[in-house]
There are 2 protein chains.
Amino acid sequence: ADAQAGKAKAGVCAACHGSNGISIIPDYPNLAGQKVKYLESAIKAYRDGERKNAIMSPMATGLTEADVANLAAYFASLPVGG
Amino acid sequence: ADAQAGKAKAGVCAACHGSNGISIIPDYPNLAGQKVKYLESAIKAYRDGERKNAIMSPMATGLTEADVANLAAYFASLPVGG
């Protein structure tokens, strides 16, 4: 996976999850330093409809396998705690 | 919420999420230092069937509102990164 490509893709995510992966809004999870495999499964759950969320579902729609891997690698690479 | 009561309730959670809230198994999320409100909504999603998971659904079944608040407070209180 390519965390740099993930960073480029993650611009829109920062609005809720924070530019350092610590979310600005208490309802949304911190992502910095989270487990890569968990992040991948969560993104796919939103993409594939296993998880339904008014904001995350549209965000995840259309992401390719590479996008998912890169986004997960990027957020997992951020220093835990921001 | 009562993080101490949450700790007492969280014994079974440690098996996957780690005694310090850093999960042992890459597929499962780290919980230490996560946002309280997000943790509450995730636990409730499993309890109320919004999220379906072979392991988490039975774990969350039957938790009271107080249990949910205490568990969320406990894990949120753990030092991020373990």
Side-chain angles (χ1 to χ4, degrees), chain A residues 1 3 6 10 12-61 65 68-82, chain B residues 1 3 6 10 12-61 65 68-82:
Chain A
V12 64
C13 313
C16 292
H17 292 294
S19 54
N20 60 352
I22 301 303
S23 71
I24 295 156
I25 300 155
D27 304 66
Y28 306 144
N30 301 324
L31 302 181
Q34 183 55 275
K35 290 281 193 285
V36 175
K37 277 191 75 179
Y38 174 70
L39 288 171
E40 287 178 2
S41 61
I43 299 171
K44 285 181 193 172
Y46 287 116
R47 181 189 65 184
D48 304 338
E50 196 193 304
R51 290 189 193 182
K52 293 180 180 49
N53 181 285
I55 297 172
M56 275 305 293
S57 299
M59 285 288 168
T61 306
E65 289 301 310
V68 171
N70 295 343
L71 284 164
Y74 168 63
F75 280 107
S77 73
L78 293 175
V80 72
Chain B
V12 64
C13 314
C16 292
H17 292 294
S19 54
N20 60 353
I22 301 303
S23 72
I24 293 156
I25 300 156
D27 304 65
Y28 305 143
N30 301 325
L31 302 181
Q34 183 55 273
K35 289 283 193 286
V36 174
K37 277 191 75 179
Y38 173 70
L39 288 171
E40 287 178 1
S41 61
I43 298 170
K44 285 180 192 173
Y46 287 115
R47 182 189 66 183
D48 305 338
E50 195 192 305
R51 289 189 191 181
K52 293 182 180 50
N53 180 285
I55 298 171
M56 275 304 293
S57 299
M59 284 288 168
T61 306
E65 289 302 309
V68 172
N70 295 342
L71 283 163
Y74 168 62
F75 282 108
S77 73
L78 293 175
V80 72

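Chain naming here is simple, since letters A, B, ... match the order of the sequence lines and numbering starts at 1 in each.
Across all their heavy atoms, B:Tyr38 and A:Tyr28 have their closest contact at CB-C, 4.1 Å. Across all non-hydrogen atoms, the minimal contact from B:Lys35 to A:Ile25 is CE-O, 4.4 Å. Of all heavy-atom pairs between A:Lys52 and B:Glu50, the closest is O-OE2, 4.5 Å.
Annotation: maximal heavy-atom pairing with chain B below 4.5 Å, among A:Gly33, A:Pro79, A:Pro26, A:Pro29, occurs at A:Pro29.
Results of the side chain to side chain contact (heavy atoms under 4.5 Å, CB included) test with A:Val80 over B:Ile22, B:Asn30, B:Val80 single out B:Val80 as the only residue that passes.
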